[in-house]
Amino acid sequence: MGSVNTTATHKFVIVVNEKSPPGKILSATGQLAMSLYGDASPEQREQMSFLPFVNPDNLKLINLTTCSFVVLKGTGGQLLTLYHACREKGILSAIFTSTMSFNGIEEDLIVKTSTTPLEQTEPYGVGLFGLIEEVSPLTKKFSLLK
């Protein structure tokens with residue numbers, strides 16, 4: 001079994017808001033990755049190319065994708081623009097915003113999200129999965145998160 005998918009046709013990209021707190025960025029990244037998988041069609045899940053990694057005792061440790069998975073950074077406005085562009089092009093995407101993040105105050109995040117216009121939120125991240133030739137032009141202006 002190979003360790004690198006040299007024939008990959010698809011990729012994952014998460015773009016985070018460089019001005020958001022690190023904890024929010026980490027939470028957004030995890031939630032976005034799970035959402036992309038959860039919202040994927042059976043065909044898209046196949047294209048995500050997950051493989052199990054096992055240890056010497058044959059204990060499965062994790063399933064990892066053989067597709068490229070990069071995390072980039074941008075501004076809040078750029079994230080909103082990216083999300084809208086993905087939706088227009090039919091690219092599998094998700095956005096994680098300030099209305100979805102628990103801030104230590106008991107609140108109904110679903111109601112808060114459903115009643116707050118997207119442009120009035122702070123986007124913490126946008127995730128997308130799709131064909132490399134469709135995703136790359138949308139994300140080329142972003143830089144790698146280090």
Side-chain angles (χ1 to χ4, degrees), residues 1-104 107-110 112-114 116 118-119 121-146:
M1 177 182 336
S3 62
V4 177
N5 185 354
T6 58
T7 61
T9 56
H10 291 71
K11 70 189 283 187
F12 288 91
V13 178
I14 305 273
V15 184
V16 297
N17 187 336
E18 62 191 349
K19 296 186 180 181
S20 296
K24 301 294 184 191
I25 289 173
L26 288 170
S27 179
T29 301
Q31 293 290 354
L32 289 165
M34 289 190 298
S35 180
L36 290 173
Y37 184 79
D39 290 344
S41 68
E43 180 183 1
Q44 288 169 318
R45 286 186 181 178
E46 183 70 26
Q47 293 161 341
M48 290 176 177
S49 185
F50 281 94
L51 295 175
F53 280 62
V54 298
N55 73 358
D57 296 325
N58 205 32
L59 175 65
K60 184 171 86 169
L61 304 174
I62 191 169
N63 286 321
L64 294 179
T65 179
T66 62
C67 295
S68 172
F69 191 116
V70 296
V71 180
L72 307 172
K73 64 180 177 177
T75 66
Q78 289 175 320
L79 270 64
L80 289 174
T81 299
L82 173 63
Y83 179 69
H84 290 305
C86 289
R87 303 294 293 178
E88 286 175 16
K89 294 185 181 302
I91 294 173
L92 179 63
S93 59
I95 187 167
F96 188 83
T97 73
S98 54
T99 62
M100 302 165 190
S101 179
F102 182 72
N103 293 314
E107 55 191 326
D108 190 334
L109 302 178
I110 294 172
K112 188 176 178 183
T113 301
S114 70
T116 306
L118 192 55
E119 285 67 33
T121 68
E122 178 186 351
Y124 294 142
V126 172
L128 52 154
F129 173 80
L131 287 165
I132 293 169
E133 63 265 16
E134 293 178 358
V135 170
S136 293
L138 295 174
T139 59
K140 68 181 177 185
K141 65 182 159 211
F142 299 102
S143 57
L144 193 61
L145 180 68
K146 296 180 181 182

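Computation of the quantities below employed the complete heavy-atom set of this structure, encompassing side-chain atoms and omitting hydrogens, waters and symmetry-equivalent molecules. Owing to the predicted nature of the structure, the values given are computational and were not obtained by experimental measurement.
Under the side chain to side chain donor-acceptor pair (under 3.5 Å) criterion, the residue pairs touching residues 29-42 are S35-D39, S41-Q44, with sequence neighbours excluded. Residue pairs meeting the ring-ring contact (aromatic ring centres under 6.0 Å, His included) criterion with at least one member in residues 75-100, sequence neighbours excluded, do not occur. Here side chain to side chain donor-acceptor pair (under 3.5 Å) pairs that include residues 126-145, with residues two or more places apart or in two chains, are K11-S136.
Counting only distance, with no hydrogens or angles, the side chain of T99 and the backbone of K112 share no donor-acceptor pair below 3.5 Å. With hydrogens and angles disregarded, a donor-acceptor distance shorter than 3.5 Å links the side chain of T121 to the backbone of L118.
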Extract all donor-acceptor atom pairs below 3.5 Å that involve side chains of residues 56-65 and protein atoms in other chains or at least two apart in sequence.
residue, atom, partner, partner atom, Å
T65, OG1, M48, O, 2.4
T65, OG1, C67, N, 3.0

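Distance check: L92 CG to C86 SG gives 9.0 Å after rounding to the nearest 0.5 Å. In this structure, NE2 on H10 lies 11.5 Å from OG1 on T66, to the nearest 0.5 angstrom. Between atom CD1 of residue I95 and atom OG1 of residue T113 there is a gap of 10.5 Å, rounded to the nearest 0.5 Å. Separation of atoms CG (L72) and CG (L144) is listed at 6.0 Å; rounding is to 0.5 Å.
Here the shortest heavy-atom pairing between I132 and P137 reads O-CD, 4.1 Å. Between L79 and V15 the shortest heavy-atom distance is CD2-O, 3.5 Å. The two residues V71 and F69 make their nearest non-hydrogen contact at CG2-CE2, 4.2 Å. The two residues L80 and E119 make their nearest non-hydrogen contact at CD1-CA, 4.2 Å.
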| message | Go through it in stages, so that I can follow the logic: the residues are Y124 and S27, the test is side-chain contact (heavy atoms from CB on, under 4.5 Å), and I'd like the CA-CA distance, side-chain angles, deciding distance and then a yes or no. | response | CA-CA 9 Å; Y124 294 142; S27 179; over 6 Å; no

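Atom CZ of R45 sits in a crowded spot, with more than 12 heavy atoms from other residues, nucleotides or ligands closer than 6.0 Å.
Looking at S20 and E122, their side chains do bring a donor and an acceptor atom within 3.5 Å of each other.
Taking T81 as the reference, nothing meets the side-chain contact (heavy atoms from CB on, under 4.5 Å) condition, with sequence neighbours excluded. In this structure, the side-chain contact (heavy atoms from CB on, under 4.5 Å) partners of E18, at least two apart in sequence or on a different chain, are K73, T75.
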